[in-house]
Amino acid sequence: MPTTLPLPFAPALRWMLAALLAAGAALSSAPAQSQTTAPAWAKGSTLLLNASDAKGQRLDVASLRKQVVVVFVWSTGCAVCRDSLPELRANAAGWQAKPFTLVAVNVDARAEDWSRYEALVGQTLMPTKNWQSLKLDGAAPTGQRLPLTLLVDTQGKIIQRFEGRLAPEVWDGVAELLP
C-alpha cells in the first residue's frame, strides 16, 4: 500500500530530487580525466614527469636512464624549498663527474613566479651541467608536503621519497647508487 507524505514535505522532496538530478547530469557530462592529472610519484613506481624548461623544451625522461636522479619538487612560495636550493646546487656541482642529475621541478600555479625566479638565479649563479630546472606541465600533486624529494635509480624507478625538509638520507642514497 503506497504511503503519502504530509503536504509540508512534498516541496522539500521535489527540491532534493531536482538537485540530485542536476548533480547526476553534471557528473555524466564531465570530461574524462586528461593527461594533466597530477603525477602519483609513489615509491616503487617508474618516474613519469611532464615538465619543460624556461625555453619550452620538454624533459625526455628516457634521457635520464643510466643516471641516478634526484627530483626536487618545489614552489617559490615555500620557504623550506627555497632554503634547500643552495644545498641541492652544491651537491649537484660536487657530482658533476658522476652519472647524476638533479631535476628541480617547480609547481607554482603562476608560471611567471617561476620564470622571475629563474631569471634572477640565471644572473647570480652559474648552472651546473647536471642540474635541470623545470616547470611542471599540468596539475601539481596534491596532498603532499613541499618540498617533495624523489630518489630515482638508473632504471628510472623511484626508490625513496621524502616530504618536507631535505633529508640527509637522500644524499646517502645517491652515494650508494653511484658507481
Side-chain angles (χ1 to χ4, degrees), residues 33-54 56-96 98-118 120-122 125 127-178:
Q33 285 189 339
S34 69
Q35 292 182 358
T36 61
T37 40
W41 293 326
K43 184 177 176 181
S45 67
T46 300
L47 177 67
L48 299 175
L49 182 59
N50 293 318
S52 304
D53 66 14
Q57 296 293 317
R58 294 185 55 78
L59 172 70
D60 177 13
V61 176
S63 70
L64 300 174
R65 299 293 191 268
K66 299 185 181 178
Q67 297 180 53
V68 176
V69 179
V70 169
V71 177
F72 185 73
V73 182
W74 71 289
S75 169
T76 58
C78 168
V80 173
C81 300
R82 291 188 318 270
D83 288 346
S84 299
L85 291 170
E87 177 185 344
L88 291 165
R89 289 182 191 283
N91 280 307
W95 281 321
Q96 281 190 30
K98 298 283 187 177
F100 172 77
T101 297
L102 196 139
V103 180
V105 179
N106 182 274
V107 294
D108 284 347
R110 294 175 359 135
E112 57 269 13
D113 293 340
W114 172 70
S115 59
R116 279 192 212 122
Y117 179 86
E118 283 297 302
L120 177 63
V121 168
L125 295 173
T128 61
K129 73 173 187 138
N130 57 347
W131 173 281
Q132 293 187 41
S133 183
L134 306 168
K135 177 79 176 101
L136 185 67
D137 298 335
T142 57
Q144 299 172 65
R145 254 180 32 204
L146 291 180
L148 171 64
T149 308
L150 308 172
L151 178 59
V152 182
D153 69 11
T154 57
Q155 304 304 309
K157 183 186 252 186
I158 299 169
I159 59 170
Q160 289 182 325
R161 71 187 306 278
F162 302 93
E163 291 183 19
R165 293 209 173 270
L166 199 53
E169 293 86 357
V170 171
W171 308 122
D172 294 342
V174 170
E176 289 174 14
L177 291 171
L178 286 173

- Message: For the NZ atom of K157 and the OG atom of S45, what is their distance to the nearest 0.5 Å?
- Response: 9.0 Å
- Message: Using 0.5 Å steps for rounding, measure from the CG atom of N50 to the CG atom of L134.
- Response: 11.0 Å
- Please list, chain by chain and in numerical order, all residues satisfying salt bridge (charged side-chain N to carboxylate O under 4.0 Å, His left out) with R58, sequence neighbours excluded. D137
- Within the distance-only criterion (no hydrogens, no angle test), does the side chain of N130 pair as donor or acceptor with the backbone N or O of A92 below 3.5 angstrom? yes
- Message: When you compare the side chain of I159 with that of L177, does any pair of heavy atoms fall below 4.5 Å?
- Response: yes
- Report yes or no: does E163 contribute a side-chain atom to a donor-acceptor pair with the main-chain N or O of R145 at less than 3.5 Å? yes
Which side-chain N or O atoms in residues 70-78 pair as donor and acceptor under 3.5 Å with protein atoms at least two apart or in another chain?
| from | atom 1 | to | atom 2 | distance (Å) |
| --- | --- | --- | --- | --- |
| S75 | OG | G77 | N | 3.2 |
| S75 | OG | D108 | OD1 | 2.5 |
| T76 | OG1 | D108 | OD1 | 3.4 |
| T76 | OG1 | D108 | OD2 | 2.6 |

- Item | Close side-chain approach of Q57 to Q132, heavy-atom, < 4.5 Å | no
- Message: Measuring only between side-chain heavy atoms, which start at C-beta, is L150 closer than 4.5 Å to Q160?
- Response: no
- Query: If you round to the nearest 0.5 Å, how far is CG of L136 from CG of L49?
  - Reply: 6.5 Å
- Message: Among residues at least two apart in sequence or on other chains, which ones pass ring pair (Phe, Tyr, Trp, His ring centres under 6.0 Å) with W41?
- Response: none
- Shortest non-hydrogen contact from L166 to S84? CB-OG, 4.1 Å
- Pairwise side-chain contact, V69 with V103, heavy-atom cut-off 4.5 Å (strictly under): yes
- Whether K129 side chain and Q96 backbone form a donor-acceptor pair below 3.5 Å: yes
- Task: Apply side chain to side chain contact (heavy atoms under 4.5 Å, CB included) to R89 and V121, showing your working.
- Result: CA-CA 11 Å; R89 289 182 191 283; V121 168; 3.2 Å; yes
- Is any side-chain heavy atom of S133 closer than 4.5 Å to a side-chain heavy atom of Y117? no
- Kindly compute the distance separating CG (N106) from OG (S52), expressed to the nearest 0.5 Å. 12.0 Å
- Query: Under 6.0 Å between the ring centres of W131 and W95?
  - Reply: no
- Is the shortest heavy-atom distance from the side chain of V80 to the side chain of L146 under 4.5 Å? no
- Count the heavy atoms of every other residue, nucleotide or ligand shown that sit under 6.0 Å from CZ of R82, and state whether that count exceeds 12. yes
- Query: Can Q67 and T154 be counted as having a side-chain donor-acceptor contact under 3.5 angstrom?
  - Reply: no
- Task: Starting at CG of D113, measure out to NZ of K135 and round the result to the nearest 0.5 Å.
- Result: 8.5 Å
- Euclidean distance, L120 CG relative to S115 OG, rounded to 0.5 Å: 11.5 Å
- Query: Does some side-chain heavy atom of I158 sit less than 4.5 Å from a side-chain heavy atom of L151?
  - Reply: no
- In terms of heavy-atom contacts, R65 and Q155 come closest through NE-O, 3.3 Å
